[in-house]
Amino acid sequence: MNSSEQLCISLLRECKTLNNLKQIHAFALKTRLENDPFIAGKFLLLCAVSLADALDYGRRIFLHIPSPDVFMYNTLVRGLSESESPQQSVIAYIKMRRSSTSQPDSFSFAFTLKAAANYKSLNTGVQLHCQALNHGLDTHLFVRTTLVSMYAECGCINSARKAFDELSQPNVVAWNAIVTACFRCGDLKGAELAFNQMPFRNMTSWNVMLAGYTKAGELELARRSFLEMPVKDAVSWSTLIVGFAHHGSFYEAFGFFRELQRFGMRPNEVSLTGVLSACAQAGAFEFGKIVHGYMEKAGFNRIISVSNALLDTYAKCGNIGMARLVFAWMMEKKNIVSWTSMMAGFAMHGFGKEAVELFHEMEDVGLRPDGITFISILYACSHAGLIEQGCEVFHKMTEVYKIEPSIEHYGCMVDLFGRAGLLKEAYEFIIRMPIEPNAIIWRTLLGACSIHKNVRLAERVKEQLSELDPDNSGDHVLLSNIYAVTGKWKDVAAVRRSMTDRRIKKTPGWSMIEVDKVMYTFVVGEGPNGVIEEAYEKLGEIMLRLKVEGGYIPEIGSVLHDIEEEEKEDAVSRHSEKLAVAFGMARLCQGSIIRIVKNLRVCKDCHTVMKLISEVYKLEIVVRDRSRFHSFKDGSCSCRDFW
DNA sequence: CTAGGGTTAG
């Protein structure tokens, strides 16, 4: 070994980034070391496995290797199996089969089978299984373990079980794989049975149970296993936080996050994204800021996934300014999720123009938008009334980027036309669509009929909905609202009667507000003990002042105009969003912004009241409803009364 | 090198 070879190897050992690697690679080219099999193998391993965003560079290096050995092929196959296009991994494997220099070994099959599992191709998986069999490698423990997970990923629990049962001496990993396999296929009992049969368990086996339970929505079982576990690690905590956040149990997620720190452990990137996701969903702005502070201190702001989650949190907590700041200044690196989240943030806040500009900027930096990016941008266009831009974007998606529109994209287009009052265009668009419209598509059109008071079309649409999703409370409410605004009271009564007859209950509305880092939830006329009285008292005072100073007149028919009405004769005055606002005004100090999160859409009367409050009391209210943000300031709302 | 945790839309 000569001295430049030694230098190169020690440099590679310290290599941390792609740029670093490129420098070393230049050195290797200059000293003619690039064809040294050991060094070339090291380069590949770093590119394919260790370094971020280096896979493409690794592929280019690979192309220049005259006759790659098995290790080199396996490394490439491995890197590609975890990439966005795992199909490429199998293609690389096929190239190896065609080459005269190398034959597949057990690693080749472990990696390619993982690739097949990642893109859920049973066909590929079975073929690889056969080839492994021909090479006498299908009984290899690692290959077999991957076979178990591949079959489970592809939905074949029986084949997975067979692959496991044929193992004479399964190790822990193989046992974990069969437990996971059972969970993947929805067989909780099978997973529990396997877990109990395991002759040995390490912490990972427990973590597998936690993950399986939370993914199945069995939060209580997950909690119980968590308490039972003898030793917990970072993954256990992360799994629990993410799982609870994902299933809407935000307070528990916050609780586990605090507890983790009390146990003297440090939050990692996964628990941070999990807790931020809980903040975003719950609208917990103050808690989000605390997490942000921790991120800055501990250096997590450099990790893309965490800063993406933070950007989303600020946007969903109503602070688009902070979201913008995170996007523009905090993120050294951005990926497609960052750009898409920023666009979605703009969309929620009604900043259609900004979203479209950002989309073009994204194209300019050479990043390829994906299907989700297009949903966000179309959503932005429809909520801001940018019809032309929306059509242009849709056209670009199919013609330039060759992305096949999904039902959600079609839904955005229906919304784009419908919301703008182009009901005929919206209807024709549905008829011309190459895929079968689902209930969501028709519901979107029904919403548009409601905004633009078109009874005839609404009735036609409702017929479609009655076939696809007859018991949806929102649809009935929407139809009854359309009858109400057009004065068809008999029809209103008929819809209501059919709802009672068929025992269709409307979704109860709730609103949340965060005061002193505690979240308070209100439902119609109700709230936490000791708090509800305070809210009512303040609300009475507010309404009086609005009538005297703001000229407020409660709309007589407004109960019936509710988009997702929470009727009952006097219900409007007790709507959860009014109670939450009143409580916030009673408790929060002067000058602070009142932030409310609501599960349904804001009702018309509440919308009017909030505009008046912002004027009479000179304060700012931000309401996040089911689909967007309303920022009330100086007597008007950012949605321009269009929602 | 095989098993376990993640952010974006609806």
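First the proteins, then the strands, lettered A, B, ... as listed; each starts at 1. Scope of the values below: all heavy atoms of this structure, side chains included, with no hydrogens, waters or symmetry mates. Keep in mind that what you see is a predicted model, and the values were worked out from it rather than measured.
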Exercise for the section: Looking only at side-chain atoms of A:Ser149, point me to the closest of B:dT8, B:dT7, B:dA3. Expected result: B:dA3
Exercise for the section: Look at A:Lys215 and B:dG4 and indicate whether a side-chain polar atom (N or O) is within less than 4.0 Å of OP1 or OP2. Expected result: no
Practice task
For A:Arg97, look at atom CZ and say whether over 12 heavy atoms of other residues, nucleotides or ligands are found less than 6.0 Å away.
Solution key: yes
Handout entry: Length of the line joining A:Met397:CE and B:dA9:C1', which is rounded to integer Å
Key = 12 Å
Problem - Spacing between A:Leu128 atom CG and B:dT2 atom C1', to the nearest angstrom - result: 15 Å
Fill in the blank from the handout: Regarding the side chain of A:Ser238, the nearest nucleotide among B:dG10, B:dA9, B:dG5 is B:dG5
Practice task
With the side chain of A:Phe111 defined as its heavy atoms from C-beta on, choose the nearest nucleotide among B:dT2, B:dG4, B:dT7.
Solution key: B:dT2
Exercise for the section: For A:Ala110, answer base if it contacts any base atom (sugar-phosphate contacts may also be present), sugar-phosphate if it contacts only those atoms, and nothing otherwise; contact means non-hydrogen atoms under 4.0 Å. Expected result: nothing
Problem - Residues A:Asn308 and A:Ser338: side-chain donor-acceptor under 3.5 angstrom - result: yes
Completion exercise
Among the nucleotides B:dT7, B:dA3, B:dG10, whichever has the atom closest to the side chain of A:Ala177 is B:dA3
Handout entry: Atom pair CE (A:Met331) and CG (A:Leu325), whose distance is rounded to the nearest 0.5 Å
Key = 11.5 Å
Handout entry: Any N/O donor-acceptor pair, A:Asn202 side-chain to B:dG4 base, under 3.5 Å
Key = no
Exercise for the section: Could you please name the option among B:dG5, B:dT8, B:dG10 that lies closest to any side-chain atom of A:Arg184? Expected result: B:dG5
Fill in the blank from the handout: Ranking B:dG5, B:dG4, B:dA9 by distance to the side chain of A:Asp312, first place goes to B:dA9
Exercise for the section: Give A:Ser376 one of three labels, base, sugar-phosphate or nothing, depending on what nucleic acid heavy atoms sit under 4.0 Å from its own. Expected result: sugar-phosphate
Exercise for the section: With heavy atoms under 4.0 Å as the rule, sort A:Asn268 into base, sugar-phosphate or nothing. Expected result: base
Handout entry: Nearest-Å distance for atom pair CD/P, residues A:Glu84 and B:dT8
Key = 17 Å
Problem - Presence of A:Lys316 side-chain N/O under 4.0 Å of B:dA9 phosphate oxygens OP1/OP2 - result: yes
Practice task
State whether a side-chain donor-acceptor pair under 3.5 Å links A:Ser277 with A:Gln281.
Solution key: yes
Exercise for the section: Return the value, rounded to whole Å, for the distance between atom NZ of A:Lys334 and atom C1' of B:dT8. Expected result: 16 Å
Tell me which donor-acceptor pairs under 3.5 Å the side chains of residues 172-184 of chain A have, and how far apart each pair is, sequence neighbours excluded?
residue  : atom : partner  : partner atom : Å
A:Asn176 : OD1  : A:Ser205 : OG           : 2.9
A:Thr180 : OG1  : A:Asn176 : O            : 2.9
A:Arg184 : NH1  : A:Glu153 : OE2          : 2.1

Practice task
Just call it for A:Asp233: base, sugar-phosphate, or nothing, with non-hydrogen atoms closer than 4.0 Å on any strand.
Solution key: base
Handout entry: Of the listed nucleotides B:dA3, B:dG10, B:dG5, the one nearest the side chain of A:Val235
Key = B:dG5
Practice task
Looking only at side-chain atoms of A:Thr180, point me to the closest of B:dG4, B:dG5, B:dT2.
Solution key: B:dG4
Handout entry: Value in whole Å for how far the P atom of B:dT7 lies from CG of A:Asn301
Key = 19 Å
Fill in the blank from the handout: The nucleotide from B:dG5, B:dT2, B:dG4 with an atom nearest the side chain of A:Val173 is B:dT2
Exercise for the section: Take the protein atom CD of A:Glu269 and the nucleotide atom P of B:dG4, then report the distance between them rounded to whole Å. Expected result: 17 Å
Handout entry: Interatomic distance, A:Ile377 CD1 vs B:dG10 P [rounded to whole Å]
Key = 13 Å
Handout entry: Nucleotide B:dT2, atom P - distance to CZ of A:Phe109 in whole Å
Key = 16 Å
Handout entry: Side-chain donor-acceptor contact under 3.5 Å, A:Tyr93 with A:Gln131
Key = yes
